[in-house]
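Written out below as structure tokens is the structure these notes cover.
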Amino acid sequence: MSYPYGIFSYDIASPRAGVLVGDHILDLELIGLLGFFNDLSLDPTVFTKPTLNEFMELGRPVWREVHQHIADLLADDHAALKDVAGQVLIHRSRATLHMPVRVGDYTDFYASEEHATNVGRMFRPDGEPLLPNWKHLPVAYHGRASSIVVSGTPIRRPKGQFLGPENKPSFGPSKALDFELEMGIVIGKASKLGEPVSVDEAEDYVFGFVLFNDWSARDIQRWEYQPLGPFLGKNFGSSISPWIVPLDALEPFRVAGPKQEPTPLPYLQTTKPGHFNIDLEVTLQPTNGPEQVLSRSNARHLYWSAAQMIAHHTVNGCNLNVGDIMATGTISGPTPDSYGSLLELTWNGKQPLTLPDGSTRTFLQDGDTITMRATAKSGQTTVDFGEVSGTIQA
């Protein structure tokens, strides 16, 4: 059984750690105060903190010990908690969800071949879709950690420069605001400056995964990105889901990724399957309108694995810190209904989408709500990542 971790508050209680149990949240602070963690090798006050960083710092042996203990407490219909279940199991409707981690650094990769190929075909129609380096290394840029927000936080339409009439620079609100369907890798172990993390050790540094929406202002980005890459078109906001699914919970869903040709350099080579079969969905709901599915994709479509991203990120000696987030970049599948952005779904605005209320979209309008969901299923095992949503404000 998977128990995603998050930070929540309810009534007059302060933010504290909890795990998601169906329609309820198990209050780990109260569990600790009631003595249920007394036999474990941790100080239960770690669950009173407003982020999960201090818990993650304790390492994978402690994570596994706590997870097993929670599973035992919840076994047989919560029999071990029968006298206190009403106190420690909080219905989700009572809870306010908060940022699960204190993010130190954020790196955004570009790890989906389908997405990178689609973008290349749009903007380099007479050339090769993929740039020469793309299949040799996980391309990435360093993003802005301060503007990562938890699901439900409104996203204000950004302003900036873009090319206007007659290809002259203009300033104003973005006219090409977009979403990007991504997964976020949450780092749970620090590395030392100057010491690379090998591809075979990389997953030891992963606490878990979240859903990630890296909002993008395409018109601002298009004008500014050469020669140094994204800036104002990306750093105004990224949204993450409030629940972190531990890496261990994803073992039943581990699959081989696409065959990598040409063979990567030795520091990126691994024999362990590093991809995960996670179903992804994106919906759009306009103001006062019904929700519509825009895309269904899967995390297995990524070309580069999390382990390869971490190995490349650190091969030059760059160190990792607990709470760092590495996003995968837009995850697109091989068919148009599996594309992970409006840029692709409307082919840069040339093929507008029609919504059930009769309105059309090339890019996002004020009042639109984008919601992303993820679920992994294998036999009788199901892991629900919850959702990440955000509404565009003027």
Side-chain angles (χ1 to χ4, degrees), residues 108-131 134 139 141 143 155 157-182 212-238 280 282-284 286 292-297 301-303 327-355 359-370 372 390 392:
D108 190 31
F109 283 85
Y110 193 48
S112 164
E113 182 178 2
E114 286 81 3
H115 174 67
T117 298
N118 287 337
V119 173
R121 285 174 176 159
M122 276 182 232
F123 298 112
R124 294 184 300 277
D126 298 325
E128 288 295 323
L130 296 178
L131 293 173
W134 198 91
V139 174
Y141 74 95
I155 299 296
R157 183 177 296 275
K159 295 180 180 179
Q161 283 193 36
F162 48 85
L163 286 181
E166 300 178 3
N167 280 334
K168 293 182 178 179
S170 297
F171 176 84
S174 170
K175 298 178 182 179
L177 188 55
D178 200 357
F179 65 83
E180 290 189 347
L181 171 63
E182 308 191 21
F212 196 92
N213 183 354
D214 192 26
W215 305 93
S216 298
R218 302 295 185 186
D219 44 2
I220 296 173
Q221 181 181 354
R222 191 176 303 126
W223 173 234
E224 73 181 0
Y225 82 100
Q226 295 181 349
L228 295 181
F231 186 35
L232 301 185
K234 302 283 281 187
N235 69 3
F236 61 93
S238 302
L280 306 169
V282 184
T283 67
L284 185 153
Q292 174 174 330
V293 174
L294 297 183
S295 173
R296 289 190 173 98
S297 189
H301 294 311
L302 290 167
Y303 187 85
T328 60
T330 304
I331 303 172
S332 292
T335 58
D337 60 353
S338 63
Y339 294 165
S341 66
L342 281 173
L343 178 70
E344 297 163 272
L345 289 166
T346 71
W347 210 252
N348 197 25
K350 295 177 181 178
Q351 302 169 14
L353 300 177
T354 300
L355 303 184
S359 64
T360 60
R361 293 291 185 280
T362 52
F363 293 100
L364 296 174
Q365 296 182 8
D366 294 344
D368 286 348
T369 298
I370 291 293
M372 299 175 179
I392 304 303

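- Applying the salt bridge (charged side-chain N to carboxylate O under 4.0 Å, His left out) test to R296 and every residue at least two apart in sequence or in another chain returns E281.
- The side-chain heavy atoms of I392 and F363, taken from C-beta on, include no pair separated by under 4.5 Å.
- Legend: residues meeting side chain to side chain donor-acceptor pair (under 3.5 Å) with S338, ordered by chain and number and at least two apart, are T335.
- Contact of the K234 side chain with the D108 side chain is registered, since non-hydrogen atoms from C-beta on lie closer than 4.5 Å.
- The salt bridge (charged side-chain N to carboxylate O under 4.0 Å, His left out) check on E113 picks up K135, with sequence neighbours excluded.
- In this model, a donor atom of one side chain and an acceptor atom of the other lie less than 3.5 Å apart for S216 and E180.
- Looking at E224, its side chain does come within 3.5 Å of a backbone N or O of L232 through a donor-acceptor pair.
- Residues that satisfy the salt bridge (charged side-chain N to carboxylate O under 4.0 Å, His left out) test with D178, not counting sequence neighbours, are R218.
- Not counting sequence neighbours, the partners of L131 by the side chain to side chain contact (heavy atoms under 4.5 Å, CB included) test are R124, N133.
- A 4.5 Å side-chain heavy-atom check between K159 and F171 finds at least one atom pair inside the cut-off.
- For Y339 and H115, the distance between ring centers is not under 6.0 angstrom.
- The closest donor-acceptor contact from the side chain of S332 to the backbone of G340 lies under 3.5 Å.
- The closest side-chain heavy-atom distance from F236 to L177 is below 4.5 Å.
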Going through the distances and angles, do T328 and Y110 end up as a side chain to side chain contact (heavy atoms under 4.5 Å, CB included)?
CA-CA 6 Å; T328 60; Y110 193 48; over 6 Å; no
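- Counting heavy atoms from C-beta outward, F231 and Q221 have side chains that stay 4.5 Å or more apart.
- R121 and E344 are not joined by a salt bridge, as no carboxylate oxygen comes within less than 4.0 angstrom of a charged side-chain nitrogen.
- A distance-only check finds a donor-acceptor pair linking the side chain of R157 to the backbone of L364 [under 3.5 Å].
- For D219, the salt bridge (charged side-chain N to carboxylate O under 4.0 Å, His left out) criterion is met by no residue, not counting sequence neighbours.
- Side-chain contact between I220 and Q161 is absent, with no heavy-atom pair separated by less than 4.5 Å.
- Distance alone, capped at 3.5 Å, places no donor-acceptor pair between the Q292 side chain and the L284 backbone.
- For the pair T283/I370, no side-chain contact is recorded, criterion being any heavy-atom separation below 4.5 Å from C-beta on.
- Side-chain contact between F162 and P169 is absent, with no heavy atoms from C-beta onward closer than 4.5 Å.
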Evaluate I331 against L302 for side chain to side chain contact (heavy atoms under 4.5 Å, CB included), listing each step before the verdict.
CA-CA 6 Å; I331 303 172; L302 290 167; 3.7 Å; yes
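- Side-chain atoms of T117 and E114 include no donor-acceptor pair closer than 3.5 Å.
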